[in-house]
Each structure stands twice: as structure tokens, then as C-alpha cells.
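Owing to the predicted nature of the structure, the values given are computational and were not obtained by experimental measurement.
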There are 4 protein chains.
Amino acid sequence: MKPNPYKNQLTTLKRKGSSDTEARIRNAALNLFTKKGIKGTTTREIATKAGIAEGTIYKHFKSKEELAVKLFLHCMDAFTTELLESIRELTDPRDKIAALIKSFFYFAKREPKIYSYIMVVHHTELGKVLKQIEPKPKDVFTQVIREGIQKGYFRKMDENLAAALVIGMMTRVILFYERGLITTSYTELISEVVEAAFRVLNETKSEYNI
Amino acid sequence: MKPNPYKNQLTTLKRKGSSDTEARIRNAALNLFTKKGIKGTTTREIATKAGIAEGTIYKHFKSKEELAVKLFLHCMDAFTTELLESIRELTDPRDKIAALIKSFFYFAKREPKIYSYIMVVHHTELGKVLKQIEPKPKDVFTQVIREGIQKGYFRKMDENLAAALVIGMMTRVILFYERGLITTSYTELISEVVEAAFRVLNETKSEYNI
Amino acid sequence: MKPNPYKNQLTTLKRKGSSDTEARIRNAALNLFTKKGIKGTTTREIATKAGIAEGTIYKHFKSKEELAVKLFLHCMDAFTTELLESIRELTDPRDKIAALIKSFFYFAKREPKIYSYIMVVHHTELGKVLKQIEPKPKDVFTQVIREGIQKGYFRKMDENLAAALVIGMMTRVILFYERGLITTSYTELISEVVEAAFRVLNETKSEYNI
Amino acid sequence: MKPNPYKNQLTTLKRKGSSDTEARIRNAALNLFTKKGIKGTTTREIATKAGIAEGTIYKHFKSKEELAVKLFLHCMDAFTTELLESIRELTDPRDKIAALIKSFFYFAKREPKIYSYIMVVHHTELGKVLKQIEPKPKDVFTQVIREGIQKGYFRKMDENLAAALVIGMMTRVILFYERGLITTSYTELISEVVEAAFRVLNETKSEYNI
DNA sequence: TATGAATGAGCATTCATTCAT
DNA sequence: GATGAATGAATGCTCATTCAT
């Protein structure tokens, strides 16, 4: 077994008690799945990239699909946890929304593979496991928006619709940024999206200063 | 060969001069690709669904990939054309934006498979052909937004960023709607998104009445 | 595809309407299954021996197991049919028993692979399909023995037990013969087993002359 | 390591000096081999059933095949020994035959796994080791029959043929009995087979009373 | 002696593609 | 153009075996 090149990279994916090998498999899979899709990635490739034997994958995961699913749950959990963490000490829903957006962008920047994998799975038949996950990032946004509406900070509207609007803006902006369609700096981008979010949510435009 | 069940359904996909068989293949492929992904669909399934022999596919397309690509180009073309058509007789950029959004939603509703296929391909390695397409839906939005900024109707901002915001809102709302996460009526949804778009684009909130 | 070396050998296994290829697969499988067992035979070996590509097997059989099962049903059918044929024009149960024994031995000699495959499957988990087959060789013997008892030619005893005794003698003698443990001529062997069978079945020893 | 569930069951398989672990492996293997065949049983299953680690098997046996072979030799030895023991104090070949048949049936009843494993191996490529074993059950029968012929108790015939006839009857009757095709009591069955054997062997029918 | 993670050759099966008819 | 049997490389997965602890 070659030295693990991921050893210091992605501790997020390494559960306590799980072996080094399992983390290597996860990371290799994550890299390949985001690059070539789940169906487009072979177990052989995963093993090679992880520096292990093909059979070893099956000592840790029942099947390629289980690997993909567990990886997805892991990624979702990491993402959701980070979002929740970002608003833990905040009370004002407006502060929370701003924090969530920043956190969302930061996560996409810091863990591009994880973020990317989550986006990819959404458009896959694996997407069905989504329904079993609770809470998901979407729920965090929905909850905060509902709270903001109740407290009178945001205008009255369907909170799921509102969440869709905000999440849509973020994901699309990040996608455009990644594809080089937007040259604005990442920091500036975040400000713009926060501004846009408040324009969409507030009773009147931008009454809340970021 | 069984009677073509798509004969009267999807003329959008039937080019002049192309045979009935080719249209059957396209439609079968479209249905399966959106349901199971491109990699997840076998040529055998396509042939069965199209009511033809497996080998016949290769009389019309060089490979499964070519089929997927041509189908994608077709879908993109149909989408872009419809968007362009919706603003052909309009002059005010604000009218155009409103029309584009409506058109976007209507297309997604009327041609869910085509719309869905376009969304799916984005998150696929096939997504690379995107760059060769000109113009794409995104370009239509960008162009109109640029025009609106130049004419002073929209606030100054990067037009690609603005397009990302608007497109993101639309696609995410449609996704939520399709997954049953939003129960608002489709018509109401369109109004909401138009309203949100103007909130994001206008100098001040909703000064433009839909 | 190489010329089929079995073309003129085993028409028993070639069903009308089934392709030459299918017969080649059947024959290759039969040879290998009897030699190395079902589990011990790989699809690659079957394909090689049949002079076809590995994938071709799956155009004719859903799986290796289906191949093994269908082959077994075929073999059983051929065997049973031949036994039934041998007594078609006979009426005296004693003649029938003698004819069945001869036919049993002749079949084992003329179609050693088929005979062998049937014997092998009996001691396999595939043996469960045995119960679904009707009638099997055993049933032919049981039926004739029952008839002989009813008509007073054979002594009163459980007909299944009697069939077990007769069949056991035949199969074991053939096994010993094949392994070179018995040097007696095949013809002589048949006489001996017929004699033995009547000793077992008759009221008194050998009252019936063969 | 879990408590050995076989500890008090099958001392036959536990050689002096061999560890408890080895006995556990033997017994687990015996159970699985008879149920699923040798090829059909994995070392992992054996280890699990034996309550040990997979690697431990290789501390006691060089390979799965060696395990199967040694197990077979063991089983054959146990069987042959028991047969020989049953005739140790007898002198009349007719008594010996009767005793052997009873012993054969009793063994099959008392040690069904061992008996079954011996039968299974016969139809396996492992069957080649049979030739190296001396003496085997068959030899015991052959020897006694030869003796009986020489002493004038049995009619003149090839002693191997005669052994095949007797052994065939026994094995087939046991097989039918195990599969529920014969409902006669086991004791009655033995009597019947002894009777049949003497009919086959004696100069004239049943002159020897059991 | 016992462990169990790791191995990697080998397996049954799939599937995009070809081609003689 | 259309067929569909045949192809064979590639895939996900298995499993007997090894070895550091």
C-alpha cells in the first residue's frame, strides 16, 4: 500500500474508528465520482487511485453503490453540519441568512469535491436517498426563512419557495464561477448574493445592511 | 417495427428530412436518458422502447455518445429558440425579462423531458459540449440583462452574475416544484419568480409592475 | 466461428428451431460439466470449447445456471423418452423390466456424457429441479414394477423400494465398469444385472428366463 | 472464539492430538460441503460456522482442497473401520454380509453428514483420491463376497460385480429414503435389502435365513 | 496459535458496436 | 434501411490465500 496522499487533506471524511484504508477509498471515490460520475467510475479506478487492491473496497463497502450512498450521506452531513454551525450563536434571522450564504460559499470553496459530489448526486437515480436525509441544507434555509417571516423581518411568502430562490441563486452563481463565466472575486460574489437574497426576502429592498 | 407512439407527440424532435425511425430513436433515448441517465441507459433499452432492432441505431447515429450529443444540441436549440421567440416582438428589457421567465417555466412544463435532459447533461462529462453551443439560454438572459443595464432599467452589476441569479432562481424553483416541495400553483410560481427577479435586478424594489 | 465439431454427433441435444450455436453451447457445456462439474466450469471455457465468444452464451441462456438447468431437463427428457420407447410395444412387465435395464445400459454407453451429467446433477444443489420433472426414469421403473406386482409376476413389496434396488444395481455396476473395477463385457454385465433384478423381484429365484 | 458447538457431537472427526480448533474446522466444513458442495462452500463460510478467523484455517490445512481431502480420508476411514468392526468376530460370510449391510445402514443413519460427504465426493474431481485409499468400503464387501463364493455359500460370479450390485442397492435405497420416496421404516428397509442381497448372491433364493 | 485486513487473479455477466443477410 | 446474432473488452464482484501483528 502506497503512502496515503490524502492523509492530511480531508479529515472531514475520516470517521473516528474507521481505518486509514477506508478514508483512502472514500477520497479516491469522491475525486473520481465528481470527475466522471458514479456510473462512469470503475472500481478498478477507485482502487488504483486509493493505492489499494480492488478486493479491498469490498471489505469496507458491500458494493459500489453502497460506497456512493455512504459517501453521499457523509458529504451531506458535513455540509449540513457546517451550515448549522455557522448560525449556532446567532439569533436574528437576517444575520442567520447572511451567515448561511457565506458558509455555503465557503464550503463550496474549501471542499469543492464534496460540494460538487452533492450537486452531481442530485441529478442521479441515487437522488432518491435524498428524501431519507434529515435535515438537509435546504431544511436549514427553510427553517431560518420561516423564522424570519414569523418575526416580521421577511415578507410573507411560501418558505420553501423562498428557500428555492435563495439556494438557486447560490448554486448557479457558484456553477458560473467554477466554469469561469463570472470573473468577479469570490468575496465580492458572496456580498452580491447576500444583497440579492435580501432583496428577494425583505419587505422592501435592502432595508437590512449587511 | 411497431407503430410509432411518439408520432404525434414531439414534433420538436423531428427534423425535416429525418426519418420516422430517427425520431423514434431520439424520443426513446430522451425518455430513458432523463429517467436513468445516459450511462445508465443501454442501447438495447433504447431499441426496445423505439420498437426497432439494436443495430438500427447505428444506421442513424455513429455511437451512443453521438446520439446523446445530437439529442442535447437539439434540446438546447429548441429551448433557446423558444426563449428567443418569446421576446422577438418586445423592446423593453423589463418586458423581455418577464417574458423570458414565463417562457422558461412554460417550456419546462410543456417539454419536461427536454428540459430535464438539459439539466441532467449539465452535470455530466457531456457538459463539455455546452461551450460549443451558441447562443444558449444563459446567453439570452445575459444579453437582455446587459441591455437593461445599459438602458438604465436595471442596476449596474455583472450581467453574467445577474443571469446566474435569475436562472438559478428559476431552475431551483422548478426543481422544488417537480419534487413536490412547493405546492404553490405553477402560475403563481411564475409571478413570484418574476417579482423576485425584478427585486434582484431593479435599482429599487419592484418599481416595475408585471 | 469455427466449424462445429459436434454437428453430426449429438442431434439429441439439438432442438428443432434452435440454432447451431445453441447446440454448440449445449454440447460444450455438457462435456465440461461432466468433466469438471458445473461450479468448476467457467463460461470462458464453455465459449472456447464451443468456438464462440463468451457473450454469445448470454444471447441463448440467461445465465450459466439456466444453461445447466435447461441442459439437465434436456438430458432427463432424452433419457426418459428412450426408456419409455424401449417398452412401448411390450406388455409383460417382466419383458418390460428386462427391456428397461438393457435400454438403461445402452443409453449410458451410447450417451455417456448425458448419462454422466444426470448422475452428477443428482448430487448438486441443482438436484432440486429434479422434483419438478415428471416422469423421470425412476418413475418408469416404479410404474412397471407396480404393474408386475399387480399382475402377480413380482413378489409383493414397496414398488419404490424395488425400483431403488434395481436402479441402484444398474447405476453402481455402470460406475464400477466406467472406473475399470469390473472387467466383464458390457453385454455380459447387462445379463447379470437382469438376472439379479429378477432374483430381487420374483417370487422365487429366476423363474423367468431372460 | 465462540464455544465449540460440536464439542460433544462428533468425536469421530477429532483425532488424538489435533486441537479443538481443527475439529471445529472439520465439522464446519463437513456440514457445509454436504449442503453446498465443496466448490460451493467458501472458506469464509467455514470460518464463520467454525467461529474462527478465516486465516486460522490455513494454520491447520494447507489449502481448502487439502481440508476437503483430509476430511474425506477421515470420513472414509471412519466408515471402513466401522464396517470392518461389524464383522470382526464373525466367520460365516453370510453373517458377514448381513452384518455389513446393517452396519452400512446404521452408519448412514448415525453419521448422515459423513455418509453424505462420501457420496458427494464420489461425483467430484476429488474422486481421484479414492484410488489411493485402501481398503475402502467397497473392498470390504468384495473381500467378504469372494470369501463367500470360495466357501460355496454364494454363487460363482465376479466379486466386484456382486459388490457393485449390493452396494448399489444400499446406496440407492438410502438415497430414496432420505428424499422421502420410501416410507418404509428404516429397520424394515434393512431387512429388505439384506433379503435382496441374498437373493442376488445365493445359489438359490433366500436359502439363508437372516 | 490466532487474527483479520489486504490481496489480486479470476469469475459471471453486460453492453456498445459490427456485419452478413 | 433494417435486422439481430455475434462479438469481446470491460465491469462489478468473489474468494482462496497471505502476512504483519
Side-chain angles (χ1 to χ4, degrees), chain A residues 1 19-22 24-25 39-48 50-67, chain B residues 1 19-22 25 39-48 50-67, chain C residues 1 19-22 24-25 39-48 50-67, chain D residues 1 19-22 25 38-48 50-68:
Chain A
M1 194 170 22
S19 66
D20 173 62
T21 302
E22 191 167 323
R24 294 160 70 105
I25 296 171
K39 280 257 166 62
T41 300
T42 69
T43 51
R44 201 117 38 216
E45 287 172 309
I46 297 170
T48 301
I52 53 147
E54 219 172 327
T56 303
I57 294 171
Y58 294 88
K59 293 285 176 189
H60 296 268
F61 303 94
K62 237 177 51 197
S63 64
K64 191 176 105 171
E65 185 177 342
E66 195 194 86
L67 167 56
Chain B
M1 199 179 1
S19 70
D20 173 62
T21 302
E22 190 167 324
I25 295 171
K39 279 258 166 58
T41 300
T42 67
T43 51
R44 179 199 278 266
E45 286 172 310
I46 297 170
T48 301
I52 54 152
E54 244 180 294
T56 305
I57 293 171
Y58 295 85
K59 293 288 172 197
H60 297 268
F61 303 94
K62 232 178 57 197
S63 66
K64 188 175 113 173
E65 186 177 342
E66 195 196 86
L67 166 56
Chain C
M1 196 171 23
S19 67
D20 173 62
T21 302
E22 191 166 323
R24 294 160 69 105
I25 296 171
K39 280 257 167 59
T41 300
T42 68
T43 51
R44 205 185 287 279
E45 287 173 309
I46 297 171
T48 301
I52 53 148
E54 222 173 324
T56 303
I57 294 171
Y58 295 87
K59 292 286 175 189
H60 296 268
F61 303 93
K62 237 177 52 198
S63 64
K64 192 177 105 170
E65 186 177 340
E66 195 195 87
L67 167 56
Chain D
M1 198 174 10
S19 68
D20 173 63
T21 301
E22 189 166 325
I25 295 171
I38 297 170
K39 279 257 166 59
T41 300
T42 67
T43 50
R44 178 200 278 267
E45 286 173 310
I46 296 170
T48 301
I52 53 151
E54 245 180 294
T56 305
I57 294 171
Y58 294 86
K59 293 288 171 197
H60 297 267
F61 303 94
K62 230 179 57 198
S63 65
K64 188 176 114 173
E65 186 177 341
E66 195 196 85
L67 167 56

**Asked** On DNA chain E, nearest-nucleotide positions of B:Arg44 versus A:Arg44: which is more 5'?
**Response** A:Arg44
**Prompt:** What's the CD1-P distance between D:Ile46 and E:dG4, to the nearest Å?
**Reply:** 17 Å
**Asked** Taking atom C1' of F:dT14 as reference, at what distance in whole Å does atom NZ of D:Lys64 sit?
**Response** 11 Å
**Message:** Under 3.5 Å for both donor-acceptor distances, Watson-Crick or wobble: does E:dT21 have a partner, and if so which one?
**Reply:** F:dA2
**Item:** Separation of E:dA2 C1' from D:Glu22 CD (nearest whole Å)
**Value:** 14 Å
**Message:** Give the residues of residues 53-63 of chain B touching DNA chain F, defined as any heavy atom closer than 4.0 Å, sorted by residue number.
**Reply:** B:Ala53, B:Gly55, B:Thr56, B:Lys59, B:His60
**Message:** Quick one, D:Ile46 and D:Leu67 - any side-chain contact, counting heavy atoms below 4.5 Å?
**Reply:** yes
**Message:** How about CD on A:Glu65, more than 12 heavy atoms from neighbouring residues, nucleotides or ligands closer than 6.0 Å, or not?
**Reply:** no
**Asked** Would you say the side-chain atoms of C:Glu45 pair up with the backbone N or O of C:Thr41, donor to acceptor, closer than 3.5 Å?
**Response** no
**Message:** Testing the basics here: between D:His60 and D:Thr21, what is the closest heavy-atom pair and its distance to 0.1 Å?
**Reply:** NE2-CG2, 3.7 Å
**Message:** Between P on F:dG4 and CD1 on C:Ile52, what's the gap in Å once rounded to a whole number?
**Reply:** 20 Å
**Asked** Is the side chain of B:Thr56 donor-acceptor paired with the backbone N or O of B:Ile52 at a distance under 3.5 Å, no angle test?
**Response** no
**Message:** Without decimals, in angstroms, what is the distance between B:Glu66 CD and E:dT17 P?
**Reply:** 10 Å
**Nearest atoms (heavy-atom pairs only) where D:Glu54 meets D:Thr43** = OE2-OG1, 3.5 Å
**Prompt:** Does E:dA9 have a Watson-Crick or wobble mate here (both distances under 3.5 Å), and if so which one?
**Reply:** F:dT14
**Request:** Could you tell me the separation between the CD1 atom of B:Ile25 and the C1' atom of F:dG1, rounded to a whole number of Å?
**Result:** 11 Å
**Touch class at under 4.0 angstrom, heavy-atom based, for B:Thr43 against every strand present** = base
